[in-house]
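Each remark here refers to the structure printed beneath this line.
In what follows, every chain begins at residue 1, and chains take the letters A, B, ... in the order their sequences are listed.
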Number of protein chains: 2
Amino acid sequence: MTVDLVIFTVNLEQLKVLLVKRAEQPFAGLWSIPGGFLESAESLEDAAIRVMQEKTGVKEIYLEQLYTFGAPARDPRARVVTVVYFALIPWQNLPQPTSKKISDLGWHAVEQLPELAFDHREILNYATSRLRAKASYSNIAYGLLPAHFRLSELQKMYEIISARELDKRNFRKRMLATGLLEETGQKDSAGAHRPAMLYLFKKREFVLLD
Amino acid sequence: MTVDLVIFTVNLEQLKVLLVKRAEQPFAGLWSIPGGFLESAESLEDAAIRVMQEKTGVKEIYLEQLYTFGAPARDPRARVVTVVYFALIPWQNLPQPTSKKISDLGWHAVEQLPELAFDHREILNYATSRLRAKASYSNIAYGLLPAHFRLSELQKMYEIISARELDKRNFRKRMLATGLLEETGQKDSAGAHRPAMLYLFKKREFVLLD
DNA sequence: CCAAAAGTGTTATTGATACACCCATGC
DNA sequence: GCATGGGTGTATCAATAACACTTTTGG
């Protein structure tokens, strides 16, 4: 029994996923999604949080059980059933990568994945399609944004996840109509142009829209 | 590792689930959902189909992985992680129950459940809410109907699952507009009144509506 | 003063909802 | 001929989609 994680983030206008380069056989040298064995006294979710923290240093994140994969031959060594979770992290919340081991842990754009170990390609395809489906009918994007954000950043997030453009006025209207957002009162003058109002999600939890 | 099943059917205008009375400790005498240990060479889905056939004699049914439950103390004897599937069977497809053992296997209305073993109450609540959610945006009801059916039966199925009444004209309009249905050309004169056209689903597979 | 992102309303279209009567059959 | 479920259309309302210009700031 293992617990594996598909950890998504968005950076440089791309949806990315965290991969680990395998040092050992089988599939040595190929990339895989991070995971670990379930320990005796921990729940599945606790195991997912533990793996998450080991790999990213981050603990408080959006986490959701995705699917359990258990084909008899998915691991050539032995029968391994894996419960896969999917997680979202705002890029801004990630600690800077340490200079060591920089090569065995990396963020990869889901559109340009390297060759993957085990059935991890299938798992990633499934996770990506689920994320995209969720984006269309929920506030899921909050898991990818820092606490305070501009509406334009939120819109960009939805556009990247769903891979299509959205109308600015309709987007703002619909988002504000959900009542999930709140003005912070602060303006972000980091950009070189007109400062934008910063918003936050009143509740950082999953809600279906409309 | 076990595989457990929440098997739904609809009979007498009630949504029902198949339960097994436990003969042994722990929880002897309480009801539980059917399940079994995962065997070494079978996939999770194959295990679910096997359990399904052992308990109901039926093999070809709608089957979907629901969730994996793995709280450390969910089984007082040992650590057991269970992958739960949910299944739908048309009542008409069920073989008549044999007279033996009739008391240790039974269909229970989800609104009047007996006391349940393990965390099976939680599992059933989750399965029921998922089924209800799916009913509102998919053709899921095909799994509960025989191959040929009247539109009024289909409507009744949705009404029972979603626990609310639907408008007959709007329902027929929307259903026929999906293009998923086909007239059989046959009429069902089993009722005491005007015979109804029988329909079938062109494809017996899960589709999101609209 | 120019470039760049922020911000803001109205109209048209589409889909969803509400609603009532005639029809075909078995008894 | 009557009781019962089968079958049909339209009008209103709500939600969604299309669409362009002015404002504010930094450089």
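Protein atom CG of A:Asp188 is 19 Å distant from nucleotide atom P of C:dA4, rounded to whole Å. A straight line from CD of A:Glu153 to C1' of C:dA6 spans 13 Å, rounded to a whole angstrom. Rounded to whole Å, atom P of D:dG7 lies 14 Å from atom NE2 of B:His193. Residue B:Phe149 contributes atom CZ, which lies 16 Å from atom C1' of D:dG6 at whole-angstrom precision. Taking atom CE of A:Met175 as the reference point, atom C1' of C:dA6 lies 18 Å away to the nearest angstrom. The interatomic distance linking A:Arg164 (CZ) with D:dA18 (C1') rounds to 14 Å, in whole Å. One atom, CZ of A:Phe171, and another, C1' of D:dC19, lie 18 Å apart when rounded to the nearest Å.
The salt bridge (charged side-chain N to carboxylate O under 4.0 Å, His left out) test applied to A:Glu60 returns no partner, not counting sequence neighbours. Applying the salt bridge (charged side-chain N to carboxylate O under 4.0 Å, His left out) test to B:Arg132 and every residue at least two apart in sequence or in another chain returns B:Glu111. For B:Asp119, the salt bridge (charged side-chain N to carboxylate O under 4.0 Å, His left out) test picks out B:Arg74, with sequence neighbours left out.
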Contacts table for residues 143-152 of chain A: side-chain donor-acceptor under 3.5 angstrom, sequence neighbours left out:
| unit_1 | atom_1 | unit_2 | atom_2 | d |
| --- | --- | --- | --- | --- |
| A:Arg150 | NE | A:Asp188 | OD2 | 3.0 |
| A:Arg150 | NH2 | A:Asp188 | OD2 | 3.2 |

Using nucleotides 7-11 of chain C, report all nitrogen or oxygen pairs with the protein that are shorter than 3.5 Å.
| unit_1 | atom_1 | unit_2 | atom_2 | d |
| --- | --- | --- | --- | --- |
| C:dG7 | OP1 | A:Met197 | N | 2.9 |
| C:dG7 | OP2 | A:Arg172 | NH2 | 2.8 |
| C:dG7 | O5' | A:Arg172 | NH2 | 3.2 |
| C:dG7 | N7 | A:Lys168 | NZ | 2.7 |
| C:dG7 | O6 | A:Lys168 | NZ | 3.2 |
| C:dT10 | O4 | A:Lys173 | NZ | 3.1 |

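The side-chain hydrogen bond (donor to acceptor under 3.5 Å, both in side chains) contacts involving residues 48-57 of chain B comprise B:Glu42-B:Arg50, B:Arg50-B:Glu54, where partners must be two or more places apart or lie in separate chains.
The phosphate of C:dA5 has neither OP1 nor OP2 within less than 4.0 Å of any side-chain N or O from A:Arg150.
Taking CG from B:Leu19 and CG from B:Leu30, the interatomic distance works out to 11.0 Å, rounded to the nearest 0.5 Å.
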